[in-house]
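Here the structure is a predicted model, which is why all the values come from computation and not from measurement. What's counted below: heavy atoms across the whole structure, side chains too, no hydrogens, waters or symmetry copies. Quick note on labels: first sequence line is chain A, next is B, and so on, each numbered from 1.
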Amino acid sequence: MEGIELIRDMIKEKIKKVLEDLGKDYEFKVEIPPENFGDFSSNVAMVGAKHFRRPPREIAMDLIENLKGDEFESIEIAGPGFINFRVSKSLLQKVVRKVLEEKERFGKRDVGKGTRVQFEYASANPTGPLTVAHGRQIVIGDTLVKLYKELGFDVKNEVYLNDAGRQISLLAYSLWVRYNELFGVKNEIPEDGYKGEYLINVAKKLKDEVGDKYKGKWNDEIEEFFKRYAVNEMLNWMKSTFERMGSKFDRYFSEKSLVEDGTVNKIIEYFRRKDLVYEKDGALWFKVSEFIDEDDKVLVRKDGTPTYFMTDIAYHYNKRMRGFEKVYDIWGSDHHGHIPRMKAAMKALGFPDDFLTVVLHQFVTLKKGGKKLRMSTRAGRFITLDELLEEVGRDAARYFFARIDPSKPLDFDIDLAVKQSSDNPVYYVQYAHARISSLFRQAREKKINFIEGENLDLLGDEYERSVMKQLDLFEDILLEAAQYYSPAKLTSYLEELAHVFHIFYTHDTILDNSNFEMSNARLNLSKAVQVVIKKGLNLLGVSAPEKM
RNA sequence: GCGCCCGUAGCUCAAUAGGAUAGAGCAUCGGAUUUCUAAUCCGAGGGCUGUGGGUUCGACUCCCACCGGGCGCGCCA
């Protein structure tokens with residue numbers, strides 16, 4: 001039941017031991033080299049040149065003498081001093097066994113040791129439909145949440161609703177205008193109001209519920225009602241979009257509640273005691289400059305309302321009080337200016353430096369008919385996430401969002417996504433999964449018995465080897481994708497795994513009536529691939545079909 | 001003007017904490033199926049990794065300058 005270590009780690013350990021025997025200890029790497037250089041390779045001899053004060057190739061020769069063993073079919077020196085390892089079949093076969101034994105648990109580790117962390121993403125103004133930019137954020141967030149769970153963290157995810165502030169007043173008034181239109185009462189939606197058609201539908205629903213109760217009437221109380229009604233409608237809409245995306249949040253957190261429950265005032269009091277705020281021009285300012293080389297920022301406006309900065313500090317205070325040891329915020333790159341002052345605020349509250357990590361992603365631009373579309377919620381003209389899902393489907397949309405590293409801008413060509421959706425690499429990966437399902441259906445038909453875990457010792461030709469090596473990488477990739485906050489590492493991996501499988505499938509006959517043992521061995525290997533692909537797609541929130 | 005991010009094949013992107021001959025897919029051209037799904041596989045062409053310097057055994061990767069694009073520099077969020 002004890003799983004083996006990654007082969008790479010095993011090699012590294014062995015080398016380390018040999019170095020210790022020679023009285024040396026320094027950093028070096030074991031990696032997967034380009035083709036034709038063996039299975040694994042190390043730069044240990046090259047890095048060691050300064051430590052041994054001898055030429056790399058000479059060092060390599062000594063090391064190789066001490067490394068020889070059953071695990072390796074061959075160890076060779078190449079190029080300027082690389083040591084290339086070709087590992088034994090039996091070592092690779094153990095990976096297959098491990099995958100089959102652990103199934104969907106394969107890849108789980110306990111690096112997190114139950115550390116309580118939180119991911120906040122897809123946070124939005126509840127003033128309109130979610131955009132494709134939110135879609136990108138949802139996929140990045142969802143995937144990281146699942147990855148961190150795999151790695152043994154206690155993870156929660158949360159959406160922050162900016163349900164306070166001026167934009168909500170504008171939303172309420174815009175809805176009121178639409179509502180009155182239904183009675184023939186004409187009013188103008190302000191320039192910076194919400195002119196999208198969706199508010200007409202909300203207005204109709206409201207009219208069905210309350211009739212002409214608010215026709216032509218407007219006061220503070222009515223404004224409150226319209227705010228509550230509109231925000232609730234927008235929130236329900238958001239939830240339905242999340243559901244369409246296959247996304248689920250543990251909690252929706254209201255910005256407004258931070259004012260109402262006194263958290264904001266509590267923070268202000270604390271800052272006052274610490275002499276970190278001052279009054280100027282009727283507003284309350286936070287001494288950002290006390291912590292970093294940036295200008296001070298307003299916390300409370302002249303009119304007494306808190307700024308976004310203020311409530312966000314309160315929100316993060318709240319997170320900390322709830323017991324999260326680390327929080328990750330996923331923001332669009334247009335928020336990057338917000339990072340230093342938030343960090344300063346965290347410091348002011350006495351939180352550890354690494355309490356808050358911000359994961360930034362570049363924006364999504366849309367292209368349609370060769371033209372770039374600029375999205376604007378207020379103007380009411382944009383492609384919504386709902387529309388995108390309608391056109392390309394959940395799997396393709398999610399995979400596409402995951403596929404580009406968050407640090408790169410994502411250029412979403414809608415025409416291409418619609419027209420050539422079958423070219424989307426998600427199908428390439430899914431197809432490998434479906435193909436394997438089909439293999440097992442065929443095996444039953446051909447009366448080829450599948451015995452899990454048997455005949456693995458027959459695996460070892462070059463196609464099988466490359467599949468086994470790729471399987472061995474999976475655990476490492478999960479860690480890497482989590483560390484770099486990059487689901488794209490996972491999609492690249494899956495495409496490569498699908499690729500080596502397709503090659504294996506093309507060149508080796510898997511179901512062979514004249515050789516049941518070999519058939520069973522290859523079915524086992526296929527099964528292992530299927531388990532890993534399914535798991536990988538699962539982490540991305542993409543389905544793994546049995547048939548295509 | 002200042003700050004952050006990005007620049008790799010015609011297009012969309014890789015390149016595993018500085019490593020070997022910079023790789024895939026799409027597109028183009030040419031092949032592969034009487035047998036497990038051809039949504040696949042094999043092959044060909046296509047590159048001064050934006051430009052110029054620097055660091056070292058070695059640079060797409062690190063440093064400096066510049067060019068080009070995105071974003072930010074609110075009592076907006």
Item checked: Sugar-phosphate, base or nothing in reach of A:E546, heavy atoms under 4.0 Å -> base
Note to self: Heavy atoms only, 4.0 Å cut-off, all strands: where does A:Y505 land among base, sugar-phosphate and nothing?
What the structure shows: base
Margin query: Testing the 3.5 Å rule here: is there a donor-acceptor pair between the side chains of A:Q530 and A:S437?
Written below: yes
Note to self: Checking A:T131 against A:H134: is there a side-chain donor and acceptor pair closer than 3.5 Å?
What the structure shows: yes
Notebook entry, point to check: Below 3.5 Å, does any donor atom in the side chain of A:N84 face an acceptor in the base of B:A20, or the other way round?
Noted result: yes
Checklist line | Residue-phosphate contact under 4.0 Å: A:R166 side-chain N/O, B:G74 OP1/OP2 | finding: no
Notebook entry, point to check: Considering heavy-atom distances to RNA chain B, does A:P409 or A:H335 have its closest nucleotide positioned more toward the 5' end?
Noted result: A:P409
Name each donor-acceptor pair under 3.5 Å that joins a side chain in residues 399-409 of chain A to protein atoms two or more places apart or in another chain, with its distance.
unit_1 : atom_1 : unit_2 : atom_2 : d
A:Y399 : OH     : A:T491 : O      : 3.4
A:Y399 : OH     : A:E495 : OE2    : 2.7
A:R403 : NE     : A:E495 : OE2    : 3.0
A:R403 : NH2    : A:E495 : OE1    : 3.3
A:D405 : OD1    : A:S407 : N      : 3.0
A:D405 : OD1    : A:S407 : OG     : 2.9
A:D405 : OD2    : A:S486 : OG     : 2.8

Note to self: I'd like to know if A:H336 reaches the base of B:G3 with its side chain, counting only an N/O donor and acceptor under 3.5 Å.
What the structure shows: yes
Next item on the list: Sticking with atom P, work out how far B:A65 lies from B:C5, rounded to a whole angstrom.
Entry: 14 Å
Margin query: Rounding to an integer number of angstrom, what distance separates B:C64 and B:C4 when you compare their P atoms?
Written below: 10 Å
Notebook entry, point to check: Considering heavy-atom distances to RNA chain B, does A:Y484 or A:E294 have its closest nucleotide positioned more toward the 5' end?
Noted result: A:E294
Item checked: Between A:D329 and A:H316, a side-chain donor and acceptor under 3.5 Å -> yes
Checklist line | Presence of A:H338 side-chain N/O under 4.0 Å of B:C4 phosphate oxygens OP1/OP2 | finding: no
Checklist line | Short side-chain N/O contact from A:K297 to OP1 or OP2 of B:C73, under 4.0 Å | finding: no
Checklist line | Among B:C5, B:C36, B:A15, the one nearest A:K446 by side-chain distance | finding: B:C36
Checklist line | P atoms of B:G43 and B:C26, separation to the nearest Å | finding: 14 Å
Next item on the list: Dump the intermediate steps for side-chain hydrogen bond (donor to acceptor under 3.5 Å, both in side chains) on A:N84 and A:E76, then the final yes or no.
Entry: CA-CA 5 Å; A:N84 295 333; A:E76 282 164 358; 5.9 Å; no
Checklist line | Inter-nucleotide C1' distance (B:A77, B:G72), Å rounded | finding: 13 Å
Next item on the list: Could you check whether A:R444 gets within reach of a base, just the sugar-phosphate, or nothing at all, counting any heavy atom under 4.0 Å?
Entry: nothing
Next item on the list: Measure from the side chain of A:K489, starting at C-beta and using heavy atoms only, and say which of B:A15, B:A20, B:C36 lies closest.
Entry: B:A15
Notebook entry, point to check: Is any side-chain N or O of A:Y428 closer than 4.0 Å to OP1 or OP2 of B:C26?
Noted result: no
Check: Going by atom types only, do A:Y427 and A:D395 share a side-chain donor-acceptor pair under 3.5 Å?
Finding: no
Check: Considering only the P atoms, how many Å lie between B:A27 and B:C63, rounded to the nearest integer?
Finding: 38 Å
Check: A:L439 side chain: which of B:U40, B:C36, B:A77 is closest?
Finding: B:C36
Item checked: Check: A:E255/A:T311 side-chain N/O donor and acceptor closer than 3.5 Å -> yes
Next item on the list: Look at all strands and tell whether A:S519 reaches a base, only sugar-phosphate, or nothing, counting heavy atoms closer than 4.0 Å.
Entry: nothing
Checklist line | A:F82 side-chain proximity, nearest of B:C13, B:A20, B:C36 | finding: B:A20
Note to self: When you measure from the side-chain N and O atoms of A:K408 to the phosphate of B:G7, is any distance below 4.0 Å, counting only OP1 and OP2?
What the structure shows: yes
Checklist line | B:A44 to B:C11 separation - P atoms, rounded to the nearest Å | finding: 23 Å
Item checked: B:G58 versus B:U21 - spacing of their C1' atoms, nearest Å -> 15 Å
Notebook entry, point to check: In whole angstroms, how far is the C1' atom of B:C41 from the CG atom of A:D508?
Noted result: 13 Å
Margin query: Can you see whether A:H499 engages A:Y428 through a side-chain donor-acceptor pair at a distance of less than 3.5 angstrom?
Written below: yes
Notebook entry, point to check: Between the base of B:A15 and the side chain of A:S492, is there a donor-acceptor distance below 3.5 Å?
Noted result: no
Notebook entry, point to check: Where the side chain of A:H499 is concerned, which of B:C41, B:A20, B:C36 is the nearest nucleotide?
Noted result: B:C41
Next item on the list: Have a look at A:L360 and say if it touches a base, only the backbone sugar-phosphate, or nothing, with a 4.0 Å heavy-atom cut-off.
Entry: nothing
Next item on the list: Counting Watson-Crick and G-U wobble pairs whose two distances are both under 3.5 Å, find the runs of 3 or more in a row that involve RNA chain B.
Entry: B:1-7 with B:67-73, B:10-13 with B:23-26, B:28-32 with B:40-44, B:50-54 with B:62-66
Check: What interatomic distance, in whole Å, is found between C1' of B:U61 and the corresponding atom of B:U49?
Finding: 10 Å
Next item on the list: Determine: side-chain N/O of A:R301 to OP1/OP2 of B:C76, distance under 4.0 Å, yes or no.
Entry: yes
Note to self: When you compare the side chains of A:N455 and A:E517, does any donor N or O come within less than 3.5 Å of an acceptor on the partner?
What the structure shows: no
Check: Does OP1 or OP2 of B:A38 have a side-chain N or O of A:R435 closer than 4.0 Å?
Finding: yes
